[in-house]
Amino acid sequence: MTHPHPTRLPLLLLLTLTALAGCDPKPQPPPEQNYSEVQFDVTVPLETPVDATLLLMGEDPAFKGPAGEGLELTFQGGTTFSVKARMPKNQELTYRIRMTAPDAHVALDAAGAEVPAQTLTAHENEENASFSVERWGPEGGTTQPQTAFVVAVPETTPPGDSIWLSGNHEKLGNWNGAGVKLYKAVNSSYATVLSFDPNTSLEFKATRGSWETVEQTAGGVDVPNHTHKTGSGFSLVTITVEGWRVYVPPVPVLTGNIKYLRDVTPTNELLKKRDVIIWLPPDYDTNTTRRYPVLYMHDGQNLMDATTAYAGEWGVDETAQKLVETNKVEPLIIVGIYNTSDRGPEYTQVPDETQPEVDGKNGGRADLYGQFIFEELKPRIDSEYRTKPEAEFTGMAGSSLGGLVTMYLGTKHSDKFTRAGVISPSVFWGQNDILTKVDALTAKPPLRIWLDIGTEEGGSGQETVETTRLLHDELVGEGWVLDNDLKYTEVAGGGHNEASWAARFGDILKYLYPPVSP
């Protein structure tokens with residue numbers, strides 16, 4: 001008996017169903033994201049405070065942030081602040097960056113104009129938006145001249161230390177060691193932003209609050225003054241400190257018989273009170289019948305005492321003691337008149353508004369200062385000490401502006417003193433006004449003058465060989481005789497500093513007070 005065979009169609013159908021049962025379904029594409037994770041990286045200028053609060057602000061809700069004020073950026077180190085936020089795709093978004101603390105500022109361009117809003121259109125799921133801020137300033141921009149100072153300090157600087165700039169301008173403290181305190185800025189540096197008049201010549205150094213901790217080279221040598229001439233716009237000044245001077249408190253070494261007058265107060269209210277230091281000759285207490293000539297000197301705190309000196313003392317006491325004891329100088333009394341914060345006005349005969357760093361606009365108090373010396377201080381010295389009060393035995397000396405005021409007072413008061421130490425004088429003051437004063441003399445006063453200048457002074461100030469030669473020429477033209485009643489010296493390598501003046505003080509003293517027979 002035969003059996004019927006199955007047809008091919010049911011068999012093929014069965015095989016197909018079996019194969020399909022073992023296959024995965026075809027994958028479906030994920031739904032399209034309607035947002036993008038955008039990384040915003042902002043490079044900020046070096047003067048940006050490290051603790052600045054920076055926000056990205058825009059109209060789109062994506063820029064509102066959790067508090068509704070904006071997206072706050074996080075400091076990443078160096079000069080970068082960043083934030084990552086979810087932004088809608090395929091929409092042109094407009095936003096600005098603002099600093100809300102420690103001051104309210106917006107981004108400005110180099111010319112001081114407010115930077116237009118940034119735009120962003122995100123297309124991919126992960127995107128990056130990077131931009132840089134040139135400078136910060138008030139909303140609407142600014143045309144005010146500004147100078148940003150950025151100071152990089154060595155890693156050995158203690159984290160809690162304060163860093164200062166000190167310099168030759170009132171905003172820099174007029175060289176008081178702690179002129180303007182810097183704030184901590186990005187890139188592990190310290191900074192400040194100041195406004196000066198255009199074309200102001202600045203000199204400055206970084207300190208840790210005093211001249212005992214001023215910046216040095218890595219080899220432990222004090223660095224020269226930094227210089228900068230301001231412009232009419234924005235300028236950036238950067239300096240790198242290699243090391244700091246290790247503070248060793250100065251030891252007060254006073255040689256000889258030293259006396260003080262404390263808190264001497266001039267009667268004229270425009271002049272401030274000050275101390276006076278007095279050096280007496282070695283035999284003053286034993287030779288009680290002898291009377292002595294007197295030398296009055298300006299910047300008295302710099303003369304004998306290292307603890308009060310601005311940048312080292314002159315060693316006047318040691319030098320005078322040695323020269324008197326070896327009979328190279330006539331025994332004399334030296335009176336050092338301390339300066340005050342009004343040094344510029346008191347030591348100048350006319351105003352000079354081009355010198356704001358020493359309050360030049362209030363210059364011209366030299367006559368009042370001279371009146372204080374001749375009518376108040378000198379009578380007191382003459383009454384309390386055994387002096388030779390006559391003009392022929394009285395002298396005056398000073399350096400820089402102190403040299404200028406000595407020269408000026410000498411042209412007017414040869415009835416009070418006849419020996420003048422004009423050391424590194426500030427001839428430039430008032431457009432070389434002292435040259436005009438000397439040229440206007442109607443008769444040569446009986447004044448014995450020491451005049452000098454260092455050949456390296458022009459690098460740190462406006463006292464130069466050229467202008468001092470002009471003063472020399474004017475004096476010769478008025479009748480002073482070189483190497484007779486005028487000694488002129490150009491000191492090779494001499495700088496505008498206490499060390500240079502100390503090195504030649506002995507020669508000055510020997511010229512103005514040569515030894516005399518007992």
Side-chain angles (χ1 to χ4, degrees), residues 261 264 266 271 274 276-281 291-300 303 314 316 320 329-339 346-349 365-426 434 437-438 441-452 471 474-475 478-481 484-488 501 505 507-514 516:
L261 301 177
V264 178
L271 303 181
R274 68 209 65 212
V276 175
I277 188 170
I278 303 162
W279 180 86
L280 299 174
R291 306 189 75 84
Y292 301 89
V294 182
L295 174 63
Y296 290 86
M297 297 187 68
H298 314 295
D299 295 313
L303 303 179
W314 287 40
V316 162
V329 162
E330 178 183 8
L332 76 160
I333 297 171
I334 300 176
V335 178
I337 309 167
Y338 282 34
N339 65 40
E346 290 182 1
Y347 287 9
T348 55
Q349 72 279 10
R365 297 180 190 170
D367 287 318
L368 296 178
Y369 177 61
Q371 185 179 34
F372 158 68
I373 295 174
F374 302 132
E375 297 183 10
E376 300 175 48
L377 180 60
K378 186 177 185 300
R380 181 173 176 180
I381 296 295
D382 290 337
S383 67
E384 296 184 18
Y385 298 95
R386 297 192 312 275
T387 70
K388 293 181 177 180
E390 297 83 5
E392 63 180 299
F393 304 113
T394 306
M396 181 178 289
S399 62
S400 192
L401 289 177
L404 174 67
V405 73
T406 297
M407 186 70 254
Y408 171 70
L409 293 176
T411 65
K412 300 188 67 176
H413 297 284
S414 61
D415 61 325
K416 304 295 184 182
F417 72 98
T418 57
R419 312 183 195 199
V422 182
I423 306 162
S424 302
S426 302
I434 192 62
K437 296 291 193 291
V438 173
L441 291 171
T442 57
K444 173 184 170 292
L447 198 63
R448 181 177 176 85
I449 301 174
W450 169 287
L451 174 64
D452 71 19
L471 178 55
E474 285 289 347
L475 292 170
E478 293 297 324
W480 272 271
V481 178
N484 182 3
D485 57 358
L486 173 62
K487 179 68 173 178
Y488 177 66
W501 299 323
F505 179 69
D507 291 333
I508 297 168
L509 209 55
K510 286 187 282 187
Y511 175 75
L512 294 180
Y513 292 87
V516 296

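None of the values given here were measured: they were computed from a predicted structure.
I333 places none of its side-chain heavy atoms less than 4.5 Å from the side chain of P293. Within the 4.5 Å cutoff, no side-chain heavy atoms of V294 are placed close to those of Y385. Under the 4.5 Å side-chain criterion, counting only non-hydrogen atoms from C-beta, R380 is in contact with V264. With a 4.5 Å cut-off on side-chain heavy atoms, V438 and E478 count as touching. Between L401 and N339, the closest side-chain pair of non-hydrogen atoms is not below 4.5 Å.
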* To do: Run the numbers on L271 and E346 for side-chain contact (heavy atoms from CB on, under 4.5 Å), then give the verdict.
  => CA-CA 8 Å; L271 303 181; E346 290 182 1; 3.6 Å; yes

* In sequence, state the C-alpha distance, the side-chain angles, and the governing distance for V316 and W279, and then conclude on side-chain contact (heavy atoms from CB on, under 4.5 Å). => CA-CA 9 Å; V316 162; W279 180 86; 5.7 Å; no

* Can you check side-chain contact (heavy atoms from CB on, under 4.5 Å) on L261 and I381, steps first, answer last? -> CA-CA 10 Å; L261 301 177; I381 296 295; 3.9 Å; yes

* Output, in order, the C-alpha distance, side-chain angles, deciding distance and verdict of side-chain contact (heavy atoms from CB on, under 4.5 Å) for L404 and Y347. => CA-CA 7 Å; L404 174 67; Y347 287 9; over 6 Å; no

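Judged purely by atom type and a 3.5 angstrom limit, T418 has no side-chain atom pairing as donor or acceptor with the backbone of S414.
Of all heavy-atom pairs between G410 and P445, the closest is O-CG, 4.2 Å. Of all the heavy atoms in Y511 and N484, the pair that sits closest is OH-O, 3.3 Å. Shortest non-hydrogen contact noted between G395 and Y513 is N-OH, 3.0 Å. Minimum interatomic distance between L512 and G421 (heavy atoms only, all atoms of both residues): CD1-N, 3.8 Å. In this structure, W480 and L447 approach most closely via the heavy-atom pair NE1-O, 2.6 Å. Among all heavy-atom pairs drawn from V276 and V335, the shortest one is CG1-CG1, 3.5 Å.
Geometric assessment of R291 against the ring of F393 yields a negative cation-pi assignment under the 6.0 Å and 45° thresholds.
If you take CG on L303 and CE on M297, they are separated by 5.0 Å, rounding to the nearest 0.5 Å. The distance from the CE atom of M396 to the CZ atom of F417 is 4.5 Å, given to the nearest 0.5 Å. Rounding to the nearest 0.5 Å places CD1 of I277 at 4.5 Å from OH of Y338. Between I373 atom CD1 and H298 atom NE2 the span is 5.5 Å, to the nearest 0.5 Å. The NZ atom of K437 sits 8.5 Å away from atom NZ of K412, with the distance rounded to the nearest 0.5 Å. To the nearest 0.5 Å, the span separating CZ on R274 from CD1 on I337 amounts to 8.0 Å.
When the salt bridge (Lys or Arg N to Asp or Glu O under 4.0 Å) test is applied to D507, the partners found at least two apart in sequence or on another chain are K510.
Contacts classified as side-chain hydrogen bond (donor to acceptor under 3.5 Å, both in side chains) and involving residues 387-399 (residues at least two apart or in different chains) are given here: D382-T387.
Screening V422, L471, D485 for a side chain to side chain contact (heavy atoms under 4.5 Å, CB included) with I449, the sole residue that qualifies is V422.
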